[in-house]
Amino acid sequence: IPELYGDTLINPCKETLLSLSGTGNYTWTPADKIECLDPPCSKIRLKSNSNINLTVISDEDCTLPLNFSIKQSKQDQNIFVPNAFTPNDDQINDIFKPVFTCPPEFYVMQIFDRWGNLIFESKDKTIEWDGYDRNGNLLPAGVYVYKLVMRMSNEQRTTQIGDVTLI
């Protein structure tokens with residue numbers, strides 16, 4: 001009888017691997033929810049949370065169907081975007097950057113002035129906007145538009161547009 005190893009509680013920010021002990025051929029359904037990591041498919045990478053069915057066919061042509069549920073933890077892939085910041089070097093709210101529950105796999109942040117001019121752009125989620133334009137000038141207090149283009153793990157690319165007040 002095969003034994004399943006791995007955590008059935010998926011952390012949406014981390015990769016989840018499952019392994020089976022024992023010999024035989026392993027069939028996982030639905031197949032689009034997993035990625036086989038070895039030829040008999042005894043080691044898999046989960047692509048999403050779902051009900052997964054496993055059928056094991058032993059060397060003696062004995063079939064053993066197993067069914068189990070993979071559950072995602074309560075931690076959703078959320079994003080918090082502040083609506084104001086104060087780049088006055090007091091070490092409190094000096095930068096503008098979105099805060100992610102899970103870091104995105106792809107990320108672009110753009111900041112525009114009220115005339116639609118691009119004043120800041122970053123493709124690195126660790127680089128935040130400090131209130132300066134691309135020439136190193138501190139911008140005046142006001143409302144600026146941000147555009148975030150991102151892709152979280154196992155999701156489509158999304159765009160979020162909003163505004164932030166520089167105080």
Side-chain angles (χ1 to χ4, degrees), residues 4-20 28-38 41-52 68-167:
L4 181 65
Y5 296 97
D7 196 347
T8 57
L9 184 63
I10 297 173
N11 179 339
C13 300
K14 296 190 177 181
E15 176 178 82
T16 302
L17 300 174
L18 294 175
S19 299
L20 287 165
W28 300 85
T29 53
D32 64 335
K33 302 292 184 191
I34 61 108
E35 176 185 348
C36 286
L37 301 176
D38 62 354
C41 214
S42 66
K43 292 181 178 138
I44 63 163
R45 176 179 292 119
L46 295 172
K47 293 183 178 178
S48 66
N49 61 323
S50 146
N51 285 332
I52 304 289
F68 60 95
S69 291
I70 306 298
K71 295 183 176 135
Q72 192 168 18
S73 66
K74 293 188 182 223
Q75 184 179 16
D76 292 327
Q77 295 187 21
N78 293 325
I79 177 174
F80 168 74
V81 182
N83 60 5
F85 74 115
T86 58
N88 57 6
D89 292 325
D90 67 355
Q91 306 302 317
I92 301 170
N93 296 324
D94 284 336
I95 50 101
F96 170 76
K97 78 172 194 173
V99 178
F100 299 96
T101 304
C102 300
E105 293 179 354
F106 173 83
Y107 171 86
V108 176
M109 178 173 69
Q110 296 175 317
I111 307 293
F112 300 90
D113 65 16
R114 63 182 174 172
W115 297 281
N117 298 313
L118 179 65
I119 56 173
F120 176 83
E121 181 175 40
S122 175
K123 294 180 180 176
D124 182 344
K125 58 189 163 273
T126 64
I127 297 177
E128 54 270 330
W129 181 42
D130 59 4
Y132 288 78
D133 66 15
R134 298 201 268 183
N135 297 322
N137 302 311
L138 181 61
L139 293 163
V143 178
Y144 295 84
V145 174
Y146 67 83
K147 179 180 177 183
L148 299 172
V149 180
M150 61 210 136
R151 187 184 76 236
M152 305 304 201
S153 68
N154 299 325
E155 290 186 14
Q156 297 285 334
R157 191 177 287 197
T158 61
T159 300
Q160 182 172 333
I161 298 173
D163 58 71
V164 59
T165 302
L166 188 154
I167 301 172

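These numbers were taken from a predicted model, which means no experiment stands behind them.
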With sequence neighbours left out, write down each residue that passes side chain to side chain donor-acceptor pair (under 3.5 Å) with [X], or none if nothing qualifies.
X      : answer
Glu121 : Gln110
Thr159 : none
Asp38  : Ser42
Asp90  : none

Let me confirm one number: the OG1-CZ distance from Thr165 to Phe96, rounded to the nearest 0.5 Å.
10.0 Å
Nearest 0.5 Å please: distance from the CG atom of Asn88 over to the OG1 atom of Thr86.
4.5 Å
So [Y] and [X], do their side chains get closer than 4.5 Å, heavy atoms only?
X      : Y      : answer
Arg134 : Leu118 : yes
Thr101 : Phe80  : no
Ile161 : Phe112 : no

Ignoring hydrogens, what is the shortest heavy-atom contact between [X] and [Y]? Give both atom names and the distance.
X      : Y      : answer
Ala84  : Val164 : N-CG2, 3.8 Å
Gly131 : Leu138 : O-CD1, 3.5 Å
Phe120 : Ile127 : CZ-CG2, 4.1 Å
Pro82  : Pro98  : CD-CA, 4.4 Å

Taken in chain and number order and not counting sequence neighbours, the residues that satisfy side chain to side chain contact (heavy atoms under 4.5 Å, CB included) with Asn117 are Asp113, Trp115
Using the test side chain to side chain contact (heavy atoms under 4.5 Å, CB included), find all partners of Asn135 that sit at least two apart in sequence or belong to another chain.
Asp133, Asn137
May I have all residue pairs that pass side-chain hydrogen bond (donor to acceptor under 3.5 Å, both in side chains) and include part of residues 123-132, sequence neighbours excluded?
Asp124-Thr126
Identify each donor-acceptor pair in which a side-chain atom of residues 139-147 lies under 3.5 Å from a protein atom, sequence neighbours left out, and give them as a table.
from: Tyr144; atom 1: OH; to: Pro140; atom 2: O; distance (Å): 2.7

Contacts of Tyr107 meeting ring pair (Phe, Tyr, Trp, His ring centres under 6.0 Å) (sequence neighbours excluded), chain-then-number -> Phe100
